[in-house]
Q: 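Sharing a structure below in structure tokens format, with a few things to ask.
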Amino acid sequence: MSRIPMRSGIDWDEGPYYQSQRLVLYQEAAQKCLANGSAFLCFCPADRYAGGDAAEEGASGGTVRRVVRCSCRDGKPSSQDTKPAIRFKVPLSGRTEFQDAVFGRREFANEEIEDFVLLRSPRGDEAAGLPTYQLGAVVDDIEMRITHVIRGADHLSNTPKQVLLYRALGAEPPLFAHVPLILGPDRTRLSKRHGATSVISYRDEGFLPEALRNFLALLGWSAGGDQEFLRTRELVEKFSLEGVSRTNAVFDRAKLEWFNTQYLQKLPVEELLPEVERELKRSKLWRDEWANGAGREWFAKTVDLLRPRIRLLPDFSTWARAFFSDEFSYDPAAKEKFWKDERLPALLAKLADALEALPEWNHDACDHALRALAEAEAVKAGLLINATRVAIVGQAVAPPLFETMVVLGRERVIGRLRRALSVLTAK
RNA sequence: GGCGCCAUGGUGCAACGGUUAGCACAUCACCCUUUCAAGGUGGAAAUACGGGUUCGAUUCCCGUUGGCGCUGCCA
């Protein structure tokens with residue numbers, strides 16, 4: 001779990017803490033409740049409620065559950081189980097209220113709250129039981145002096161239990177802030193069923209952490225106006241609990257991808273380079289000469305040329321492979337679309353010769369050479385441009401041709417042009 | 001079933017009593033163009049329903065409907 005903030009670029013101040021190392025703390029807290037009368041030993045079988053549910057199935061088929069108060073709470077054990085659990089003794093009347101920064105003041109009738117378990121009954125040779133989430137969370141938060149508890153709205157209904165617990169332990173409840181849930185396309189709470197759901201899996205898919213943060217921040221929150229592209233810095237500056245909405249939000253992957261392309265395009269290249277480097281290393285295309293000096297400059301220029309057409313980081317390794325490796329293949333659709341003309345072999349051969357004879361290798365020189373040839377041969381420049389693109393990068397979709405030629409360098413371009421010839425004529 | 005929360009285009013957000021109901025994604029069309037993106041312009045598209053309150057409701061109140069959540073010796 002601690003890897004999530006680490007890999008998403010979110011900072012934390014202390015910890016991590018391990019519940020297993022803090023067991024006595026929870027057990028002491030439970031004992032304290034027992035001592036001051038806010039909890040009781042429950043001897044009921046652990047599966048009592050489950051069994052009861054089955055017995056209470058309504059005619060409609062729906063499971064009917066009730067708030068049950070067992071006789072243990074009055075000191076009359078309902079069974080002879082020698083290993084009791086500790087339950088909180090919820091008041092039979094009255095209301096429990098708390099302040100929520102996004103939902104406002106909330107009130108719950110105590111009679112609706114069940115006597116929840118604090119410490120589970122000991123298993124096997126355990127001396128004492130393990131804490132439930134309710135106990136663990138409250139004890140930890142009191143001990144760590146937590147002032148704001150910000151979490152999903154699915155905890156709203158459980159909050160009164162925790163407020164009761166805070167008071168029983170002699171502590172003042174913190175300020176709660178329940179934020180709306182993120183729903184899948186089917187409008188149920190986002191879960192593994194919906195595919196990639198954790199921060200890590202989106203990172204692995206090739207989304208930029210900052211784009212993901214920006215997208216997520218806007219799910220259930222807005223700065224008030226229409227601005228959407230907010231870098232993490234601005235997000236931190238502008239965020240406030242007051243701007244949080246109470247409506248659940250549906251996760252829209254298309255918009256996430258849009259944010260990613262925005263970041264891919266707008267980020268200063270230097271910020272993008274480490275991400276691309278990481279990706280190329282992953283795909284084994286990385287070469288150390290790109291780490292600094294002239295190699296770094298070439299790398300930056302290439303990434304800059306490529307990025308308007310990138311959607312996800314892995315595109316650098318797949319779609320843009322020809323820019324980083326001489327081993328690439330021709331996209332079948334590209335060949336189909338731009339290598340149809342039978343004059344091409346002859347034309348490309350002449351183009352290679354013309355380029356080879358160029359006194360200088362730059363954008364305009366390549367441009368002029370190609371257009372001059374097109375005119376001399378009475379063919380449209382587009383025919384040569386498109387066919388050449390496929391020949392040197394293997395794709396129909398790619399950056400503007402002459403910029404591509406400059407980045408690849410004369411030797412590569414001519415070599416690839418001639419290599420394409422053999423493929424064309426062999427066909 | 002009980003309790004709770006929510007309700008503006010397909011999606012995410014604005015408008016916090018008075019706007020021709022705004023922006024973005026997605027979608028459609030056109031422009032640009034060296035392919036494809038990007039970008040530009042334009043179009044279609046929403047206040048769930050019914051009652052109130054008010055001179056005036058997207059906005060406040062009630063009900064209905066719908067969605068979601070909680071209802072574990074899970075977290």
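Values below: every heavy atom of this structure, side chains too, minus hydrogens, waters and symmetry copies. To find a chain, count down the sequence lines: A is the first, B the second, and so on, and within it residues start at 1. Model, not experiment: these values are computed from the prediction.
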Q: What nucleotide among B:C73, B:U71, B:G69 has an atom nearest to a side-chain atom of A:Lys161?
A: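 Side chain of A:Lys161 sits closest to B:U71.
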Q: Between B:G22 and B:C31, how many Å separate the two C1' atoms, rounded to a whole number?
A: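 Here B:G22 and B:C31 have their C1' atoms 25 Å from each other.
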Q: Starting at the 5' end of RNA chain B and moving along, which residue's nearest nucleotide shows up first, A:Arg189 or A:Leu119?
A: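 Going by which nucleotide is closer to the 5' end, it is A:Arg189.
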Q: So, OP1 or OP2 of B:A75: does either fall under 4.0 Å of a side-chain N or O from A:Arg120?
A: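 For A:Arg120, the contact criterion (side-chain N or O under 4.0 Å from OP1 or OP2 of B:A75) is met.
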Q: Check the distance between B:G69's P and A:Ile182's CD1 and give it to me in whole angstrom.
A: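 The answer, rounded to whole Å, is 14 Å.
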Q: Using whole Å, report how far CG of A:Asn248 lies from C1' of B:G4.
A: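 For the pair A:Asn248 CG and B:G4 C1', the rounded distance is 13 Å.
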Q: Side chain of A:Val117: nearest nucleotide among B:C25, B:C73, B:C5?
A: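 Side chain of A:Val117 sits closest to B:C73.
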Q: Grab the CZ-P distance between A:Arg246 and B:C16 for me, whole Å please.
A: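 Result: 14 Å.
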Q: Nearest whole Å is fine: how far is B:G12 C1' from A:Arg187 CZ?
A: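 Computing the A:Arg187:CZ to B:G12:C1' distance gives 11 Å.
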Q: Identify whether any heavy atom of A:Phe108 sits under 4.0 Å from a base atom; if not, whether one sits that close to sugar-phosphate; answer base, sugar-phosphate or nothing.
A: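 Sugar-phosphate, backbone atoms only, no base.
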Q: C1' atom, B:U27 versus B:C68: distance in rounded Å?
A: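 It works out to 28 Å between them.
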Q: Touch check for A:Glu112, heavy atoms < 4.0 angstrom, all strands: base, sugar-phosphate only, or nothing?
A: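 A:Glu112: backbone/sugar contact only, no base atoms under 4.0 Å.
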Q: Using the C1' atoms only, state how far B:A75 lies from B:C70, rounded to an integer number of Å.
A: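 One C1' to the other, the span is 13 Å.
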Q: Ignoring hydrogens and geometry beyond distance, is the side chain of A:Asp226 in donor-acceptor contact with the base of B:G22 at under 3.5 Å?
A: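 Checked by distance alone, the answer is yes.
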Q: Heavy atoms under 4.0 Å, any strand shown: does A:Arg309 hit a base, just sugar-phosphate, or nothing?
A: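 If one applies the 4.0 Å heavy-atom cut-off, A:Arg309 turns out to touch a base.
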Q: When the distance from CG of A:Asp154 to C1' of B:U71 is rounded to whole Å, what number comes out?
A: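 So the CG-C1' distance, A:Asp154 to B:U71, works out to 13 Å.
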Q: Would you indicate what A:Arg311 reaches in the nucleic acid, counting non-hydrogen atoms under 4.0 angstrom: base, sugar-phosphate, or nothing?
A: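 Nothing, no nucleic acid heavy atom in range.
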Q: With a cut-off of 6.0 Å (strictly less than), are more than 12 heavy atoms of other residues, nucleotides or ligands near CZ of A:Arg246?
A: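 Check fails, neighbour count at 12 or below.
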Q: Using whole Å, report how far CH2 of A:Trp221 lies from C1' of B:A14.
A: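 It is 13 Å, rounded to the nearest whole Å.
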Q: Quick check on B:G39: is either OP1 or OP2 less than 4.0 Å from any side-chain nitrogen or oxygen of A:Gln262?
A: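 Yes, within the criterion.
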Q: Answer yes or no: is there an ion pair linking A:Lys255 with A:Glu228, defined by an N-O contact shorter than 4.0 Å?
A: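 Between A:Glu228 and A:Lys255 there is a salt bridge, with a charged N closer than 4.0 Å to a carboxylate O.
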Q: Nearest 0.5 Å, what's the CD-CZ distance between A:Gln99 and A:Arg105?
A: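 If we round to the nearest 0.5 Å, A:Gln99:CD and A:Arg105:CZ are 5.0 Å apart.
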Q: Mind calculating the distance between CG (A:Asn110) and P (B:U71) to the nearest angstrom?
A: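 After rounding, the gap between these two atoms is 17 Å.
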Q: Is A:Phe116 touching bases, backbone alone, or none of the nucleic acid, heavy atoms closer than 4.0 Å?
A: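 Result for A:Phe116 = nothing.
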Q: Go ahead and write out RNA chain B as dot-bracket, 5' to 3': ( ) for pairs within the strand, [ ] for ones crossing earlier pairs, | when the partner sits on another strand, dots for unpaired; Watson-Crick or G-U wobble, both distances under 3.5 Å.
A: (((((((..((((....[...)))).(((((.......)))))....(((((..]....))))))))))))....
Q: Just compare B:U11, B:U34, B:A7 and give me whichever is closest to any side-chain atom of A:Thr247.
A: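 Nearest to the side chain of A:Thr247 among the choices is B:A7.
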Q: May I ask you to say what A:Thr261 touches in the nucleic acid, namely base, sugar-phosphate or nothing, with a heavy-atom cut-off under 4.0 Å?
A: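 The answer is nothing, as A:Thr261 stays clear of every strand by at least 4.0 Å.
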Q: Choosing from B:A75, B:C6, B:U11, which nucleotide comes nearest the side chain of A:Phe103?
A: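 Looking only at side-chain atoms, A:Phe103 lies closest to B:C6.
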Q: Over all strands shown, is A:Gln134 touching base, sugar-phosphate only, or nothing at heavy-atom distances under 4.0 angstrom?
A: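 The residue A:Gln134 makes base contact.
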Q: Please check if the distance between the ring centroids of A:Trp258 and A:Phe215 is under 6.0 Å.
A: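 Not close enough - the centres of the two rings lie 6.0 Å or further apart.
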Q: Show me the donor-acceptor pairs, under 3.5 Å and distance only, between side chains in residues 366-375 of chain A and residues at least two apart or in other chains.
A:
unit_1: A:Asp367; atom_1: OD1; unit_2: A:Arg371; atom_2: NE; d: 2.6
unit_1: A:His368; atom_1: ND1; unit_2: A:Asp364; atom_2: O; d: 3.2

Q: Is the shortest distance from a Lys or Arg side-chain nitrogen in A:Lys89 or A:Asp115 to a carboxylate oxygen in the other one below 4.0 Å?
A: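 The answer is no: the pair does not qualify as a salt bridge.
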Q: State whether the number of non-hydrogen atoms from other residues, nucleotides or ligands found under 6.0 Å of A:Glu107 atom CD is greater than 12.
A: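 Counting other residues, nucleotides and ligands, CD of A:Glu107 exceeds 12 neighbours.
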Q: Determine yes or no for a side-chain-to-main-chain donor-acceptor pair under 3.5 angstrom, with A:Ser38 supplying the side chain and A:Leu34 the backbone.
A: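 Side chain of A:Ser38 to backbone of A:Leu34, a donor-acceptor pair under 3.5 Å: no, none is there.
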Q: Select from A:Pro400 and A:Leu256 the residue whose nearest nucleotide in RNA chain B is closer to the 5' end of that strand.
A: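 Comparing both residues, the 5'-ward one is A:Leu256.
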Q: Could you check which of B:C13, B:C73, B:C25 has an atom nearest any side-chain atom of A:Arg123?
A: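 Looking only at heavy atoms from C-beta outward on A:Arg123, the closest nucleotide is B:C73.
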Q: How close or far is atom C1' of B:C3 from atom CD of A:Glu114, stated in whole angstroms?
A: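 Distance check: A:Glu114 CD to B:C3 C1' gives 10 Å.
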Q: How far, in whole Å, is B:G18 from B:U59 if one measures between their C1' atoms?
A: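 Per the computed distance, 11 Å lies between those C1' atoms.
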Q: I'd like to check, for A:His155, whether its ring lies over the base of B:A75 with centroids under 5.5 Å apart and a plane angle smaller than 30°.
A: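 Yes, aromatic ring over the base.
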Q: Considering every strand and a 4.0 Å limit on heavy-atom distances, what is the contact class for A:Leu181: base, sugar-phosphate, or nothing?
A: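 Sugar-phosphate: the residue A:Leu181, judged by heavy atoms under 4.0 Å, touches backbone atoms but no base.
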Q: Go through B:C68, B:C70, B:G12 for me and flag the one nearest to the A:Ala249 side chain.
A: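 For the A:Ala249 side chain, the nearest candidate turns out to be B:G12.
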Q: Verify the contact: side-chain N or O of A:Arg106 to OP1 or OP2 of B:C5, cut-off strictly under 4.0 Å; return yes or no.
A: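 It does, given that an N or O in the side chain of A:Arg106 lies less than 4.0 Å from OP1 or OP2 of B:C5.
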Q: State yes or no: are the ring centers of A:Tyr166 and A:Phe98 separated by less than 6.0 Å?
A: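 No, ring centres 6.0 Å or more apart.
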Q: So A:Arg253, base contact, sugar-phosphate only, or nothing? Heavy-atom distance under 4.0 Å.
A: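 Nothing: the residue A:Arg253, judged by heavy atoms under 4.0 Å, touches no strand.
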Q: Roughly how far, to the nearest 0.5 Å, is the CG atom of A:Leu384 from the CZ atom of A:Arg343?
A: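 One finds 9.0 Å between CZ of A:Arg343 and CG of A:Leu384.
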Q: Just checking A:Leu219: base, sugar-phosphate only, or nothing, at a heavy-atom cut-off of under 4.0 Å?
A: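 Here A:Leu219 touches the backbone only, sparing every base.
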